[in-house]
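These notes concern the structure reproduced below.
Position 1 is the first residue of the sequence; numbering continues from there. None of the values given here were measured: they were computed from a predicted structure.
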Amino acid sequence: QVQLVESGGGLVQAGGSLRLSCAASGRTFSHSAMAWFRQAPGREREFVAASWSVIIAYADSVKGRFTISRDNAKNTVYLQMNSLRPEDTAVYYCAADQGGYYRGSAYYRIPTTYDYWGQGTQVTVSS
């Protein structure tokens with residue numbers, strides 16, 4: 001059974017940092033895209049960052065502040081979040097696809113691309 005388990009969320013003041021982790025089990029994702037999305041109350045789930053092999057993409061709203069990385073040996077993807085803002089408050093979800101050839105950056109920004117999802121971790125940034 002495939003599982004993605006996020007951790008590292010919490011409450012932080014504006015300007016602070018958090019590091020999210022997503023540990024995968026049940027299969028290896030070394031040849032898959034792995035991504036982070038977030039969803040604030042009353043809003044749609046939105047793309048944050050994705051990693052496919054050495055190719056990385058970020059949403060404009062987090063570029064320069066967030067960094068996605070992965071450790072394929074540990075089957076884990078991370079999201080380092082710096083200079084946090086109140087508008088970053090959301091539930092953050094980890095996602096992974098089945099793998100395959102690279103389909104272009106736009107493809108990996110779409111939630112329906114992904115086959116596996118974690119349960120989410122809450123990030124709250126106070127002003």
Side-chain angles (χ1 to χ4, degrees):
Q1 181 182 358
V2 175
Q3 279 192 313
L4 301 179
V5 179
E6 301 99 334
S7 61
L11 173 64
V12 64
Q13 287 189 331
S17 299
L18 283 174
R19 188 192 194 209
L20 306 184
S21 299
C22 172
S25 61
R27 58 159 284 180
T28 181
F29 288 100
S30 57
H31 300 293
S32 296
M34 297 192 77
W36 290 93
F37 287 78
R38 66 187 182 186
Q39 189 166 17
R43 301 189 66 176
E44 293 187 352
R45 192 166 298 191
E46 67 170 349
F47 170 76
V48 175
S51 167
W52 188 96
S53 185
V54 297
I55 300 172
I56 290 176
Y58 295 99
D60 288 343
S61 59
V62 307
K63 202 173 293 183
R65 301 187 297 124
F66 291 11
T67 302
I68 187 171
S69 62
R70 56 198 293 175
D71 184 337
N72 288 331
K74 295 182 178 180
N75 224 17
T76 300
V77 63
Y78 305 96
L79 185 68
Q80 177 67 44
M81 306 186 294
N82 298 329
S83 302
L84 282 161
R85 305 166 180 168
E87 54 264 39
D88 295 319
T89 296
V91 177
Y92 282 71
Y93 297 90
C94 171
D97 79 344
Q98 292 276 15
Y101 61 90
Y102 181 65
R103 292 172 173 85
S105 174
Y107 179 79
Y108 298 103
R109 298 171 182 262
I110 305 170
T112 53
T113 290
Y114 297 90
D115 305 285
Y116 306 103
W117 290 86
Q119 81 289 350
T121 185
Q122 176 71 46
V123 172
T124 303
V125 184
S126 63
S127 57

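The pair Asp88-Arg85 does not count as a salt bridge, with every side-chain nitrogen at least 4.0 angstrom from each carboxylate oxygen.
No chain of hydrophobic side-chain contacts below 4.5 Å, direct or via other Ile, Leu, Val, Met, Phe, Trp or Tyr residues, connects Val91 to Val62. Taken together through direct or relayed side-chain contacts under 4.5 Å among Ile, Leu, Val, Met, Phe, Trp and Tyr, Tyr78 and Tyr92 form parts of separate hydrophobic clusters. There is no path of hydrophobic side-chain contacts, each under 4.5 Å, that joins Tyr93 to Met81.
For the pair Arg45 and Trp117, the distance from NZ or CZ to the six-membered ring centre is under 6.0 Å and the angle to the ring normal is within 45 degrees. For the pair Arg109 and Tyr107, the cation does not sit on the ring face, since its NZ or CZ is not both under 6.0 Å from the ring centre and inside 45° of the axis. In this structure, Arg103 is not positioned above the aromatic face of Tyr108 in the sense of NZ or CZ being under 6.0 Å from the six-membered ring centre and within 45° of the axis.
Panel note: side chain Arg70, backbone Ser51; a donor-acceptor pair is recorded below 3.5 Å. For Glu46 (side chain) and Arg38 (main-chain N/O), no donor-acceptor pair under 3.5 Å exists by modelled atom type. Under a 3.5 Å cut-off, the side chain of Tyr58 and the backbone N or O of Ile68 do form a donor-acceptor pair. In this structure, Asp97 contributes its side chain and Asp115 its backbone to no donor-acceptor pair below 3.5 Å. Judged by distance alone, the side chain of Thr89 and the main-chain N or O of Val125 form a donor-acceptor pair under 3.5 Å. Between the side chain of Tyr102 and the backbone N or O of Ser105, at least one donor-acceptor pair lies under 3.5 Å. Remark: the backbone N or O of Ala23 is not paired with any side-chain donor or acceptor of Thr76 at under 3.5 angstrom. Side-chain atoms of Asp71 do not come within 3.5 Å of backbone N or O of Val77 as any donor-acceptor pair.
To the nearest 0.5 Å, atoms CG (Asn82) and OG1 (Thr67) are separated by 6.5 Å. Taken to the nearest 0.5 Å, the OG1 atom of Thr28 stands 4.5 Å off from the CG atom of Asn75. To the nearest 0.5 Å, atom SG of residue Cys94 and atom CD of residue Gln3 are 12.0 Å apart.
Within the 4.5 Å cutoff, the side chain of Leu84 has heavy atoms near those of the Leu18 side chain. Within the 4.5 Å cutoff, side-chain heavy atoms of Ser17 are placed close to those of Gln80. Counting heavy atoms from C-beta on, the side chains of Phe29 and Arg27 come closer than 4.5 Å. Between Trp36 and Glu6, some side-chain heavy-atom pair lies under the 4.5 Å cut-off.
Residues forming a side chain to side chain donor-acceptor pair (under 3.5 Å) with Tyr116 (at least two apart in sequence, or on another chain): Gln98. Evaluation of the ring-ring contact (aromatic ring centres under 6.0 Å, His included) rule for Phe47 yields Phe37 as partners, not counting sequence neighbours.
Closest approach of Ala50 and Tyr114 over heavy atoms only: CB-OH, 3.8 Å. Here the closest non-hydrogen pair linking Leu79 and Ala49 is CD1-CB, 4.3 Å. The shortest non-hydrogen separation linking Ala40 to Ala90 is N-CB, 3.8 Å.
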message: side chain to side chain contact (heavy atoms under 4.5 Å, CB included), that's the test. Do Thr124 and Val12 meet it? Break it down for me.
response: CA-CA 6 Å; Thr124 303; Val12 64; over 6 Å; no
